[in-house]
Participant: 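This is the structure I want to talk about, given as structure tokens.
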Amino acid sequence: MYNQILSSLNDFIDNDLFFDPDQKKTLLHKHKLALSDSLQKGHWTTNLCLIASNLAKKNPRDIASALITRLENQSEIAKVELAGPGFVNIFLTREAFFNQLDDADKNPNSFVESSHTSKEKIQIEFVSANPTGPLHVGHGRGAAYGDAIGRILQRLGHEVSREYYVNDAGRQIDILACSIFLRKFECFDEKAFPKSAYKGSYILEIARGAEIDQALTESDKEKLITNLPKDDEEKIDELIERIKINHSNSWSLIRDFGLNYVIKSIKEDLTQFKVIFDNWFFESSLGELEDKKSEIFQALDQVKKEHAYEKNGAVWLESTKFGDDKDRVIIREDGRGTYLSADLAYHRNKLDRGFDTIINVWGSDHHGYIKRIEATIEAMGYSKKQMQVQLVQFANLFENGSKVKMSTRSGNFYTLKQLIDDIGPDASRFYYLSKQADQHLDFDIGVARSNSKDNLYYYVQYAHARICSVEKKYLELGMALPSKFDDSDFDGCDELLQMALNAQFVIKSSGENLQPHLIVYYLRDISQSFHQFYNNVNILNAKKLEQNNIMRALIIVKSVIASSLELLGIEPLDSM
RNA sequence: GCGCCUGUAGCUCAGUUGGAUAGAGCAACGGUUUUCUAAACCGUGGGUCAGGAGUUCGAAUCUCUUCAGGCGCGCCA
């Protein structure tokens, strides 16, 4: 029906309006056909005449009359009204209204899929937390978000690939290995343990699990910890250096063991959170800068030829040529690459894999980094439009009104796993997604855990469970669940059904804008409408004539709720 | 100093990309169950959409500006 009306509107623009081609183009682009938010305004509504009247400097009423006649000629349309400042409201016949619902139930993309949006190959890179410790509640938000937009884009017909970028090559990993080493061989007293090392209890666990034949003598330890620099950061770097040189065997054993251990635990947490990645990309696979065959060398070499220069012994990328604020170092004075150089090679690798769009989900503290990476993409000869960066603000966790602190180094943090164990993966995901991603989220675990009315997650689940229960009772009465509407003129479900139709548009918009929270609020609204209906109408004791359509309506609402929850990675509950 | 984000009811937030009378939840007060799950529903009160100017048929939404708050500005990752 949507497509049918839409093409009538377009025919009208083409044939009945005496506009020049430019005006027609903007009109085609700007007019909208939307579901009405209330049936008093009809089933469908369009602003076409408003826009047209603006372009032609004419009264909307003069333009509308021809359109109204054209629309009213269609057998599915019962009535067309001009309302408000110039909206055209379209009222369908009951039969047409029900038909589009049955169609939408069969094909949840019936309105949106034939539109000219092309199917793309999309890659989403998200979480990508440094493998230096367990995921904490801040990472959970990125995980829930990235996974949800993946599901939504898939629903819209795109081919989606999820990727985790593992920074397994940098200094952070050395600090991890060093921390484990120091614990393993008990090099420091508890009080003297370096501040800049990781202190979480998981470090002790890993240290206990690591099987190393070698032992450190007291003099080894003494050598390791005497005459260290005072500065915390310098101290840890010095320790790393000394261990690497003097205990290279243990070092690499511990480093590999620790890294694998942490990555494994991250994977387990994500699996429990129902986030599955198609690909784990390791920074180390890009190779070493010294190796001329490595990807990282070749990527840098390519860029260096045209868009880089040497200054103060370092190699600088001319990123200002591509919109960055200043030029950036890609190879340090001492010959090592910067973080940007690895990212440059990584993005080249991604774009060469043939994705139409790559989406990077980053913590919002990286926002200063966007221009920089865009510049490197342009410098390598790609278009920055192929990459979309979506920032996710950190989630603040509250418990009983007070903020729970998070810091990986101090080891004092609330892990994602704890959260999942506490309130479950589904409620966690629901709350993570309940606010626009790039804005602060205050997550009160007390509310999420509670059975109270302000727990929105249960409000939505309750609507689903109630419908399941009614269906069950209906079957127990010996009735069969209807698969079609009949022509009874009971209209008590119509507003609810109108809202159910809107799911397609909400999902489309949430996919196009990468905003899963729109679905959360849609779920709240349709659940509310259902609860109202439920309290108004006694379904099982309703008139036999009305019951078929009521049950049909509930089946449709239930399936809309279930499939919307699915897009958020949440399993609908059949009973509570 | 430069850049990005935010400011909507007492609190937490939506607002379909410029549309019709600005909406929910919580909190406050009052009500609804011999009948399908009361984790529900109904009612009442609560607003200069931070302030100002502009763009137009029409602005919470776009532009400019003032104020307030948050974040980012390494040869760290």
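So you know, we letter chains A, B, ... as the sequences are listed, proteins then strands, and number each from 1.
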Participant: Considering only heavy atoms, which members of residues 530-543 of chain A lie under 4.0 Å from some atom of RNA chain B?
Facilitator: A:H531, A:Q532, A:Y534, A:N535, A:V537, A:N538, A:I539, A:L540, A:N541

Participant: Respond yes when some side-chain nitrogen or oxygen of A:H517 is under 4.0 Å from OP1 or OP2 of B:G15, and no when none is.
Facilitator: yes

Participant: Heavy atoms under 4.0 Å, any strand shown: does A:Y369 hit a base, just sugar-phosphate, or nothing?
Facilitator: base

Participant: Using only side-chain N and O atoms of A:R372, determine if any of them is under 4.0 Å from OP1 or OP2 of B:C73.
Facilitator: no

Participant: Report the distance from atom CG of A:L554 to atom P of B:U37, rounded to the nearest whole Å.
Facilitator: 13 Å

Participant: Ignoring hydrogens and angles, are the base of B:U17 and the side chain of A:N513 linked by a donor-acceptor pair under 3.5 Å?
Facilitator: yes

Participant: May I ask you to say what A:A463 touches in the nucleic acid, namely base, sugar-phosphate or nothing, with a heavy-atom cut-off under 4.0 Å?
Facilitator: nothing

Participant: Provide the Watson-Crick or G-U wobble partner of B:G43, both distances under 3.5 Å; none if there is no partner.
Facilitator: B:C29

Participant: Taking only side-chain nitrogens and oxygens of A:K32, does any of them come within less than 4.0 Å of OP1 or OP2 of B:U17?
Facilitator: yes

Participant: Does the distance from a Lys or Arg side-chain N to an Asp or Glu carboxylate O, for A:K558 and A:E471, drop under 4.0 Å?
Facilitator: yes

Participant: Between B:C13, B:U37, B:C57, which nucleotide has the shortest distance from any of its atoms to the side chain of A:Y462?
Facilitator: B:U37

Participant: For A:N535, check side chain to side chain donor-acceptor pair (under 3.5 Å) against everything at least two apart and list the hits.
Facilitator: none

Participant: So, is A:Q528 near the phosphate of B:G25, with a side-chain N or O under 4.0 Å from OP1 or OP2?
Facilitator: yes

Participant: Heavy atoms under 4.0 Å, any strand shown: does A:A342 hit a base, just sugar-phosphate, or nothing?
Facilitator: nothing

Participant: Anything under 30° is parallel, anything over 60° is perpendicular, the rest tilted; go ahead and classify A:H43 against A:F91.
Facilitator: perpendicular

Participant: Find the partner of B:C57: check Watson-Crick (N1-N3 plus N6-O4 or O6-N4) and G-U wobble (N1-O2, O6-N3) distances, both under 3.5 Å, and reply none if neither fits.
Facilitator: B:G19

Participant: Check the distance between B:C26's P and A:L456's CG and give it to me in whole angstrom.
Facilitator: 10 Å

Participant: Does NZ or CZ of A:R466 come closer than 6.0 Å to the centre of the six-membered ring of A:Y534, within 45° of the ring's axis?
Facilitator: yes

Participant: Record whether the side chain of A:H440 comes under 3.5 Å of the base of B:G70 through a donor-acceptor pair of N or O atoms.
Facilitator: no

Participant: For atom C1', what is the distance between B:A28 and B:U21, given to the nearest Å?
Facilitator: 26 Å

Participant: Taking the C1' atom of each, how far is B:A14 from B:A24, in whole Å?
Facilitator: 7 Å

Participant: Kindly compute the distance separating NZ (A:K435) from NE2 (A:H440), expressed to the nearest 0.5 Å.
Facilitator: 8.5 Å

Participant: Can you check the distance between B:U6 and B:G45, where both ends of the measurement are the P atom (answer in whole Å)?
Facilitator: 33 Å

Participant: For A:T45, which contact category applies under a 4.0 Å heavy-atom criterion: base, sugar-phosphate, or nothing?
Facilitator: base

Participant: Give me the distance, rounded to whole Å, that separates B:G58 from B:G46 when you measure between the P atoms they each carry.
Facilitator: 30 Å

Participant: Examine B:G23: is either OP1 or OP2 under 4.0 Å from a nitrogen or oxygen in the side chain of A:R524? Give yes or no.
Facilitator: no

Participant: Answer whether the closest heavy-atom distance between the side chains of A:Q393 and A:R141 falls below 4.5 Å.
Facilitator: yes

Participant: Using heavy-atom distances to pick each residue's nearest nucleotide on RNA chain B, tell me which of A:K326 and A:Q40 is more 5'.
Facilitator: A:Q40

Participant: Please give the distance between the C1' atoms of B:C29 and B:U66 as a whole number of Å.
Facilitator: 40 Å

Participant: Could one point to a donor on the side chain of A:N89 or the base of B:A20 with an acceptor on the other under 3.5 Å away?
Facilitator: yes

Participant: Strictly by Watson-Crick or wobble contacts shorter than 3.5 Å, is anything paired with B:G3, and which nucleotide is it?
Facilitator: B:C71

Participant: Please report, rounded to the nearest Å, how far the C1' atom of B:U37 is from the CG atom of A:L573.
Facilitator: 13 Å

Participant: Expressed in angstrom and rounded to an integer, what is the separation of A:I467 atom CD1 from B:C36 atom P?
Facilitator: 17 Å

Participant: Establish, with yes or no, whether the OP1 or OP2 oxygen of B:C71 is under 4.0 angstrom from a side-chain nitrogen or oxygen of A:S364.
Facilitator: no

Participant: Report the residue (A:H367 or A:R332) whose heavy-atom-nearest nucleotide on RNA chain B is the more 5′ of the two.
Facilitator: A:H367

Participant: Should B:C64 form a Watson-Crick or G-U wobble pair with both distances under 3.5 Å, which nucleotide is its partner?
Facilitator: B:G52

Participant: Ion pair present between A:R372 and A:D343, side-chain N to carboxylate O less than 4.0 angstrom?
Facilitator: no

Participant: In whole angstroms, how far is the C1' atom of B:U16 from the CD atom of A:Q498?
Facilitator: 14 Å

Participant: Give, for atom OG of A:S509 and atom CD1 of A:I152, the distance between the pair rounded to the nearest 0.5 Å.
Facilitator: 10.0 Å

Participant: If you measure only the distance, is there a donor-acceptor pair under 3.5 Å linking the side chains of A:D438 and A:H367?
Facilitator: no

Participant: Which part of the nucleic acid, if any, lies within reach of A:F505 when heavy atoms closer than 4.0 Å are counted: base, sugar-phosphate only, or nothing?
Facilitator: nothing

Participant: Among B:G19, B:U37, B:U16, which is the nearest nucleotide to the side chain of A:S509?
Facilitator: B:U16

Participant: Would you indicate what A:Q439 reaches in the nucleic acid, counting non-hydrogen atoms under 4.0 angstrom: base, sugar-phosphate, or nothing?
Facilitator: sugar-phosphate

Participant: Under a 3.5 Å cut-off for both distances, is B:U34 Watson-Crick or wobble paired, and to whom?
Facilitator: none

Participant: Rounded to whole Å, how long is the line connecting atom NZ of A:K30 with atom P of B:U56?
Facilitator: 12 Å

Participant: Could you tell me whether A:Q461 contacts a base, only the sugar-phosphate backbone, or nothing, with contacts defined as non-hydrogen atoms closer than 4.0 Å?
Facilitator: nothing

Participant: Cut-off 3.5 Å, side chains only: do A:Q515 and A:Y521 have a donor facing an acceptor?
Facilitator: no

Participant: Could you tell me whether the phosphate oxygens of B:C57, OP1 or OP2, come under 4.0 Å of any side-chain nitrogen or oxygen in A:N54?
Facilitator: yes

Participant: Quick one: do A:V329 and A:L340 satisfy side-chain contact (heavy atoms from CB on, under 4.5 Å)? Show the steps, please.
Facilitator: CA-CA 8 Å; A:V329 171; A:L340 187 62; over 6 Å; no

Participant: Rounded to the nearest angstrom, tell me the gap between atom NZ in A:K435 and atom P in B:U6.
Facilitator: 11 Å

Participant: Does B:G19 have OP1 or OP2 sitting under 4.0 Å from an N or O in the side chain of A:K41?
Facilitator: no

Participant: Counting any heavy atom closer than 4.0 Å, what does A:S575 reach on the DNA or RNA strands: base, sugar-phosphate only, or nothing?
Facilitator: base

Participant: Would you mind classifying the nucleic acid contact of A:N312 as base, sugar-phosphate or nothing, using non-hydrogen atoms under 4.0 angstrom?
Facilitator: base

Participant: Send over the distance from A:E283 CD to B:C76 P, rounded to a whole Å.
Facilitator: 15 Å

Participant: Identify whether any heavy atom of A:L50 sits under 4.0 Å from a base atom; if not, whether one sits that close to sugar-phosphate; answer base, sugar-phosphate or nothing.
Facilitator: base

